[in-house]
Amino acid sequence: MKLAAEIKRKADAMNIELTSSEIKAVDPSGLAQATVSGLGAPLRIIVSPELAKKSASEISLAVTQAAIKAHSIAAKEMSEKIAKIYAEGGLPLPPGANPKNL
């Protein structure tokens with residue numbers, strides 16, 4: 001029970017940390033930027049003036065690429081933090097929580 005309480009305490013602290021953190025990523029052209037919370041929740045999209053002059057499909061692609069990249073970074077960071085909590089408790093990772101798979 002002590003171990004479960006300690007893991008819960010660490011997980012709660014991690015959740016607070018991730019909720020308040022921001023992850024930014026840009027698309028390959030560098031014209032769109034997406035920001036997500038550490039939990040992967042979308043926070044904002046910034047479209048450069050240069051990108052804004054392009055077609056809707058080009059804007060959509062750039063924004064989507066930036067958002068996917070930001071979300072992937074957030075997911076990997078979250079998985080690494082979960083892995084650390086479990087390792088400190090001497091427990092195996094839950095299925096799908098291995099950051100090497102992301």
Open item on the list: Run the side-chain contact (heavy atoms from CB on, under 4.5 Å) test against Leu61 and tell me which residues pass, sequence neighbours left out.
Closed with: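 In terms of side-chain contact (heavy atoms from CB on, under 4.5 Å), with neighbours along the sequence ignored, Leu61 is linked to Gln65.
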Open item on the list: Test of understanding: with side-chain contact (heavy atoms from CB on, under 4.5 Å), list the residues that count as partners of Ala25, not counting sequence neighbours.
Closed with: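 Partners of Ala25 by the side-chain contact (heavy atoms from CB on, under 4.5 Å) criterion, ordered by chain and then number, come out as Lys69, Ala70, Ile73.
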Task: Separation between NZ of Lys10 and CD1 of Ile85, rounded to the nearest 0.5 Å - done: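 Those atoms lie 7.5 Å apart.
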Set of side-chain hydrogen bond (donor to acceptor under 3.5 Å, both in side chains) partners for [X], sequence neighbours left out:
{"X": "Ser29", "value": "Asp27"}
{"X": "Ser55", "value": "Ser57, Glu58"}
{"X": "Lys8", "value": "Asp12"}

Task: Atom of Glu77, atom of Ile23 and distance for their closest heavy-atom approach - done: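 Looking at all heavy atoms of both residues, the closest pair is OE1-CD1, 3.1 Å.
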Task: Joint hydrophobic cluster, Met14 plus Ile7, side-chain heavy atoms closer than 4.5 Å - done: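 Yes, one cluster joins them.
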Open item on the list: Count I, L, V, M, F, W, Y as connected when their side-chain heavy atoms are under 4.5 Å apart, and connections chain through other members. Are Met78 and Tyr86 then in the same cluster?
Closed with: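 Yes, it is one cluster - the side chains of Met78 and Tyr86 are joined through contacts under 4.5 Å.
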Task: Backbone of Leu18 reached by a side-chain donor or acceptor of Ser21 within 3.5 Å - done: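 The answer is yes, because a donor-acceptor pair under 3.5 Å joins these two groups.
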Open item on the list: For Asn15, is there any backbone N or O sitting under 3.5 Å from a side-chain donor or acceptor partner on Thr19?
Closed with: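 Here the side-chain-to-backbone pair exists.
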Using a 3.5 Å cut-off and no angle test, enumerate the donor-acceptor pairs between side-chain atoms of residues 35-49 and protein atoms at least two apart in sequence or in another chain.
{"unit_1": "Ser37", "atom_1": "OG", "unit_2": "Leu39", "atom_2": "N", "d": "3.2"}
{"unit_1": "Ser37", "atom_1": "OG", "unit_2": "Gly40", "atom_2": "N", "d": "3.4"}
{"unit_1": "Ser37", "atom_1": "OG", "unit_2": "Ala41", "atom_2": "N", "d": "3.2"}
{"unit_1": "Arg44", "atom_1": "NH2", "unit_2": "Glu22", "atom_2": "OE1", "d": "2.6"}
{"unit_1": "Arg44", "atom_1": "NH2", "unit_2": "Glu22", "atom_2": "OE2", "d": "3.1"}
{"unit_1": "Ser48", "atom_1": "OG", "unit_2": "Leu31", "atom_2": "O", "d": "3.2"}
{"unit_1": "Ser48", "atom_1": "OG", "unit_2": "Leu51", "atom_2": "N", "d": "3.1"}

Task: Results of salt bridge (charged side-chain N to carboxylate O under 4.0 Å, His left out) for Lys81 - residues two or more places apart only - done: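 Once residues adjacent in sequence are excluded, the partners of Lys81 under the salt bridge (charged side-chain N to carboxylate O under 4.0 Å, His left out) criterion are Glu17.
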